[in-house]
Novice: 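Just passing along the structure, written as structure tokens.
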2 protein chains.
Amino acid sequence: MRVSTRFSDAIHLLAYLKIYANTKLTSDAIAASIETSPVVVRRLMGKLRQAGLITTTAGTANPELAKPLGEISLLRVFYAVEGDKPLFAVDPKTNPACIVGGNIQTVLKQYYQDAQTAAEARLARTTLQDIVDNILVEQAKKDAQA
Amino acid sequence: MRVSTRFSDAIHLLAYLKIYANTKLTSDAIAASIETSPVVVRRLMGKLRQAGLITTTAGTANPELAKPLGEISLLRVFYAVEGDKPLFAVDPKTNPACIVGGNIQTVLKQYYQDAQTAAEARLARTTLQDIVDNILVEQAKKDAQA
DNA sequence: CTCCTTGTAACATTAATAATTACAGCTATT
DNA sequence: AATAGCTGTAATTATTAATGTTACAAGGAG
């Protein structure tokens, strides 16, 4: 499969809304930053809107963050665009007549869930404010070198 | 893309080698349990062999575990079949001329790595012996009901 | 020597993602 | 109220990682 960059692109989008708040925030402008198509951006914004992270206005380029970046964790964004998609996939089609095939799904699901929860706990610790802060620091480093 | 079940299938395979050790372990038999093709099984075994987890003999159906199951963690298996593939994908193609697009990869990589490490730490804690034990318990539950 | 098997390469299929095209409908501006 | 520019969304196509299939050379057991 193609690897999904929805999560990364959603974070990108939200950071963009903050850092370029004083510009015209059309899906075209955002798409140019992510290097994707405006439609993809609007679809992403649709998910973020449904999740209550931003507000948008049909017909007008005016997406706005629904809450302070410090109150939006990476985990919240992940759920918004990826749903509860598991990080580790259980093979759903194994032979039920076999001791292994008949029970492994139940067993693996538990351990996979533990691992995923550990990762999610990490994502829950970081907010979009942290991301924006770090982006600005990285940019400042570059500016200092120039 | 299609979701990878290599990790789950590899665990399945290794558990099968143990639980059905006293049967003829052809790639055909194993494939019937995983419900995949023998070629896929042989490919998986190739990776596990390269990782030093099993030994095989060309021409003969005799795959063997290279070490006790209690010494093989899920993480070891994960690396064997998935390499160091990141759980969260950074979008590699963003606009470098943009403050966000030019720096977000560096920033996200760090946080993603933290989350992945947390998940991997969990996988490192569990061994294939745990998996086999749990499979047998699940099976015993079923047998008790019958 | 024959049969079964592994190890691999080459090719086909599947499925998730992203990109593209199209268009209805909203909003601000004039 | 006409226009221009935008959003929201559906429908279609393209891309690509993963899995499945076919084919076959070569190893091992009887």
Side-chain angles (χ1 to χ4, degrees), chain A residues 1-10 12-13 17 23-51 54-64 78 81-95, chain B residues 1-10 12-13 16-17 23-51 54-64 78 80-95:
Chain A
M1 105 196 109
R2 219 171 189 176
V3 171
S4 170
T5 55
R6 271 197 302 271
F7 182 34
S8 292
D9 290 343
H12 186 143
L13 193 162
L17 293 189
T23 67
K24 202 176 176 193
L25 297 168
T26 63
S27 56
D28 252 310
I30 300 169
S33 173
I34 303 183
E35 289 194 358
T36 181
S37 86
V39 177
V40 169
V41 170
R42 294 201 290 271
R43 277 200 292 243
L44 264 181
M45 289 205 290
K47 298 222 179 211
L48 296 172
R49 174 163 27 81
Q50 282 172 20
I54 64 173
T55 57
T56 63
T57 316
T60 306
N62 189 34
E64 289 187 324
F78 184 77
V81 297
E82 297 284 1
D84 57 355
K85 197 189 67 173
L87 291 177
F88 304 97
V90 167
D91 188 337
K93 205 187 76 186
T94 60
N95 190 340
Chain B
M1 103 190 112
R2 217 165 168 168
V3 171
S4 170
T5 55
R6 271 198 301 271
F7 182 33
S8 292
D9 290 344
H12 186 144
L13 193 163
Y16 189 96
L17 293 189
T23 67
K24 201 175 174 192
L25 296 169
T26 63
S27 57
D28 251 308
I30 301 170
S33 173
I34 303 183
E35 289 194 358
T36 181
S37 85
V39 177
V40 170
V41 170
R42 294 201 290 269
R43 276 199 291 239
L44 265 181
M45 289 204 291
K47 296 223 179 210
L48 296 173
R49 174 164 26 83
Q50 281 173 19
I54 64 174
T55 58
T56 62
T57 317
T60 306
N62 190 34
E64 289 187 323
F78 184 78
V81 297
E82 297 285 1
D84 58 354
K85 197 190 68 174
L87 291 177
F88 304 98
V90 168
D91 188 337
K93 202 188 78 186
T94 61
N95 190 341

Novice: Distance check: side-chain N/O of A/Ser27 vs OP1/OP2 of D/dT7, anything under 4.0 Å?
Specialist: yes

Novice: The side chain of B/Val39 is closest to which nucleotide in this list: D/dT7, C/dA9, D/dG20?
Specialist: C/dA9

Novice: Taking any heavy-atom pair under 4.0 Å as a contact, classify B/Lys93: base, sugar-phosphate, or nothing.
Specialist: nothing

Novice: What are the two closest non-hydrogen atoms of A/Ala61 and A/Leu25, and how far apart are they?
Specialist: CB-O, 3.8 Å

Novice: Examine C/dG7: is either OP1 or OP2 under 4.0 Å from a nitrogen or oxygen in the side chain of B/Thr56? Give yes or no.
Specialist: yes

Novice: Whole-Å distance between C/dC23 P and A/Arg43 CZ?
Specialist: 17 Å

Novice: Choosing from C/dT20, D/dT7, D/dA18, which nucleotide comes nearest the side chain of A/Val40?
Specialist: C/dT20

Novice: Does the side chain of B/His12 reach to within under 4.5 Å of the side chain of A/Thr94, using non-hydrogen atoms?
Specialist: yes

Novice: The side chain of A/Ser4 is closest to which nucleotide in this list: C/dA18, D/dG20, D/dG27?
Specialist: C/dA18

Novice: Look at A/Lys24 and D/dC6 and indicate whether a side-chain polar atom (N or O) is within less than 4.0 Å of OP1 or OP2.
Specialist: yes

Novice: Return the value, rounded to whole Å, for the distance between atom CG of A/Leu25 and atom C1' of D/dG5.
Specialist: 15 Å

Novice: Can you tell me the distance, in whole Å, between the CZ atom of B/Phe7 and the P atom of D/dT19?
Specialist: 13 Å

Novice: Report the distance from atom CG of B/Asn62 to atom P of D/dA29, rounded to the nearest whole Å.
Specialist: 9 Å

Novice: Can you check whether B/Leu17 reaches B/Ile30 side chain to side chain, under 4.5 Å on heavy atoms?
Specialist: yes

Novice: Within less than 4.0 Å of OP1 or OP2 of D/dC6, is there a side-chain N or O belonging to A/Thr60?
Specialist: no

Novice: Give a yes/no answer on whether the side chain of B/Thr26 brings an N or O atom under 4.0 Å of OP1 or OP2 in C/dT6.
Specialist: no

Novice: If the cut-off is 4.0 Å, is B/Arg49 near the phosphate of C/dG7, judged by side-chain N/O to OP1 or OP2?
Specialist: yes

Novice: What nucleotide, of D/dT19, D/dG5, C/dA19, holds the atom closest to the side chain of A/Ser37?
Specialist: C/dA19

Novice: Measure CD1/B/Ile54 against C1'/C/dT6 and give the value in whole Å, please.
Specialist: 12 Å

Novice: Checking contacts here: which listed nucleotide (D/dA18, C/dA18, D/dT7) is nearest the side-chain heavy atoms of B/Arg6?
Specialist: D/dA18

Novice: Rounding to an integer number of Å, can you tell me how far A/Arg42 CZ sits from D/dA10 C1'?
Specialist: 12 Å

Novice: Could you tell me the separation between the CG atom of A/Asp9 and the P atom of C/dA18, rounded to a whole number of Å?
Specialist: 7 Å

Novice: CG of A/Asp91 versus P of D/dT19: gap in Å, rounded?
Specialist: 9 Å

Novice: I'd like to check B/Thr36 versus B/Asp9 (side-chain heavy atoms, cut-off strictly below 4.5 Å). Are they in contact?
Specialist: no

Novice: So which atom in A/Glu82 and which in A/Phe7 form the shortest heavy-atom distance, rounded to 0.1 Å?
Specialist: OE2-N, 3.8 Å

Novice: When you measure from the side-chain N and O atoms of A/Thr5 to the phosphate of C/dA18, is any distance below 4.0 Å, counting only OP1 and OP2?
Specialist: yes

Novice: Quick one: does B/Leu48's side chain get under 4.5 Å of B/Val81's, heavy atoms only?
Specialist: yes

